[in-house]
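Residue numbers start at 1 and run along the sequence shown. First listed ligand is number 1; within each ligand, the first listed atom is number 1.
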Amino acid sequence: FSRPKIALVGGGNIGGVLSQLAALKELGDVVMFDIVEDLPQGKQLDIVEASRVDGFDVMLTGSNDYACLEGADIVIVTAGLPRKPGMSRDDLLTTNANIIKVVAENIGKYCPEAHVIVISNPLDAMVTLLQEVSGLPAERVYGQAGVLDSSRFATFIAWELGVSVKDVNAMVLGGHGDTMVPLVRYANVNGVPVMEQLVKKYGSEAKAQEVMTAMVERTKAAGGEVVALLKKGSAFYSPASSAIQMAEAVLRDQKRVLAVCAKLSGQYGVNGYYVGVPVVLGKGGVERIIEVDLNAEEQKMFDVSVNSVKGLVEDLKRLSFLK
Ligand code: APR
């Protein structure tokens with residue numbers, strides 16, 4: 001029995017946390033690739049030297065050669081530039097498309113049997129590009145955005161209601177941008193609708209709605225809130241945790257139901273585009289897409305979000321990154 005091989009493309013802020021979390025959970029051996037000479041080697045050495053303290057029996061290595069991807073079971077891609085204050089994720093399109101194109105070619109060359117989780121932004125466009133250029137099947141190429149957006153939404157709800165975040169279920173669908181769609185109607189605390197609890201807390205529908213709207217808006221802008229505070233770079237602990245939850249679901253065949261950026265083939269009235277939706281994630285990758293019943297208002301917001309993803313994909317076509 002061999003241990004799973006996890007390859008990280010990008011050894012920056014997110015890459016480092018990904019490696020440490022994968023090691024702590026003993027998900028498999030981790031190889032980290034980066035174009036910066038010695039950086040992935042140094043980071044991996046630093047993390048693995050705590051193996052006695054943390055008690056993990058996995059090997060961590062670094063490389064500047066794409067051949068290190070050979071035999072990978074799962075690749076997590078964070079190569080690319082993060083946002084600076086004032087930038088939107090979409091501002092990264094051309095710069096990161098140039099990087100992701102090369103990453104995709106090498107994944108297609110060295111590990112066509114692997115699963116790929118993309119984190120680089122603008123997420124929906126980068127997953128689309130990576131899948132097309134690598135030639136890997138859509139069920140094995142997906143993006144991390146919804147797990148984090150949902151976790152952010154759940155965190156704000158837990159704080160507002162004064163309950164454990166472990167008991168909050170909240171999901172965010174759509175693209176990973178300003179038009180994402182937090183599903184208010186389905187948000188619950190151990191089955192009890194959040195809106196119902198807000199109305200009881202504040203004694204009025206209007207006030208409950210106002211508080212919910214503030215949480216929704218904070219969720220949509222949460223990435224930017226962190227960027228503005230950090231000043232250099234964007235969020236990295238929470239995106240890494242979120243992608244590791246996805247990798248674990250795949251490597252341990254957990255069939256987790258998670259919000260994932262997956263390629264739709266008719267679901268939600270969308271065909272051929274990557275968008276955030278709930279899926280069953282297991283050893284087959286995106287094994288099933290779950291269709292949530294949306295009311296007219298939710299569907300309208302979802303459509304707006306899908307249109308913004310389509311706009312980015314059109315830009316990639318115009319710039320000749322996509323056919
Ligand atoms: N090939 C491989 N790696 C590259 C390339 C390339 N062509 N260009 C840059 N990188 C590496 C950088 O050397 C750096 O180590 O990608 C890494 C990115 O790390 P950070 O700058 O620390 O960014 P991080 O916070 O990890 O975010 C990475 O994920 O959430 C998104 O918006 C974020 O697009 C960004 C990505």
Exercise. Looking only at atom types and distance, does a side-chain atom of N98 sit under 3.5 Å from a main-chain N or O of T95, one as donor and one as acceptor?
Worked result: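 Side chain of N98 to backbone of T95, a donor-acceptor pair under 3.5 Å: no, none is there.
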
Exercise. Which ILVMFWY residues can you reach from L229 by hopping between side chains whose heavy atoms are under 4.5 Å apart?
Worked result: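 Its cluster mates, by chain and number: none.
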
Problem set entry | side chain to side chain donor-acceptor pair (under 3.5 Å) partners of residues 276-304, not counting sequence neighbours, each pair once |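 Qualifying pairs: R185-E298, K255-E287, Q299-D303.
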
For this session: Quick one: which residue pairs count as a side chain to side chain donor-acceptor pair (under 3.5 Å) with a foot in residues 114-132, not counting sequence neighbours?
Result: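 Passing the test, one end in residues 114-132: H115-Y142, Q131-K263.
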
Exercise. Should V116 and V279 be counted in the same cluster of Ile, Leu, Val, Met, Phe, Trp and Tyr side chains packed under 4.5 Å apart?
Worked result: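 Yes; V279 is reachable from V116 via cluster members.
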
Exercise. Would you say the side-chain atoms of N188 and Q197 include a donor-acceptor pair closer than 3.5 Å?
Worked result: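 No - no donor-acceptor pair under 3.5 Å links their side chains.
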
Between ligand 1 and the protein, which N/O pairs are shorter than 3.5 Å?
{"residue": "ligand 1", "atom": "13 (O)", "partner": "D34", "partner atom": "OD1", "Å": "2.7"}
{"residue": "ligand 1", "atom": "13 (O)", "partner": "D34", "partner atom": "OD2", "Å": "3.4"}
{"residue": "ligand 1", "atom": "15 (O)", "partner": "G12", "partner atom": "N", "Å": "3.3"}
{"residue": "ligand 1", "atom": "15 (O)", "partner": "D34", "partner atom": "OD2", "Å": "2.7"}
{"residue": "ligand 1", "atom": "16 (O)", "partner": "G80", "partner atom": "N", "Å": "3.4"}
{"residue": "ligand 1", "atom": "22 (O)", "partner": "N13", "partner atom": "N", "Å": "2.8"}
{"residue": "ligand 1", "atom": "26 (O)", "partner": "N13", "partner atom": "N", "Å": "3.4"}
{"residue": "ligand 1", "atom": "26 (O)", "partner": "I14", "partner atom": "N", "Å": "2.9"}
{"residue": "ligand 1", "atom": "32 (O)", "partner": "N121", "partner atom": "ND2", "Å": "3.0"}
{"residue": "ligand 1", "atom": "34 (O)", "partner": "L81", "partner atom": "O", "Å": "2.9"}
{"residue": "ligand 1", "atom": "34 (O)", "partner": "N96", "partner atom": "ND2", "Å": "3.4"}
{"residue": "ligand 1", "atom": "34 (O)", "partner": "N121", "partner atom": "N", "Å": "3.2"}

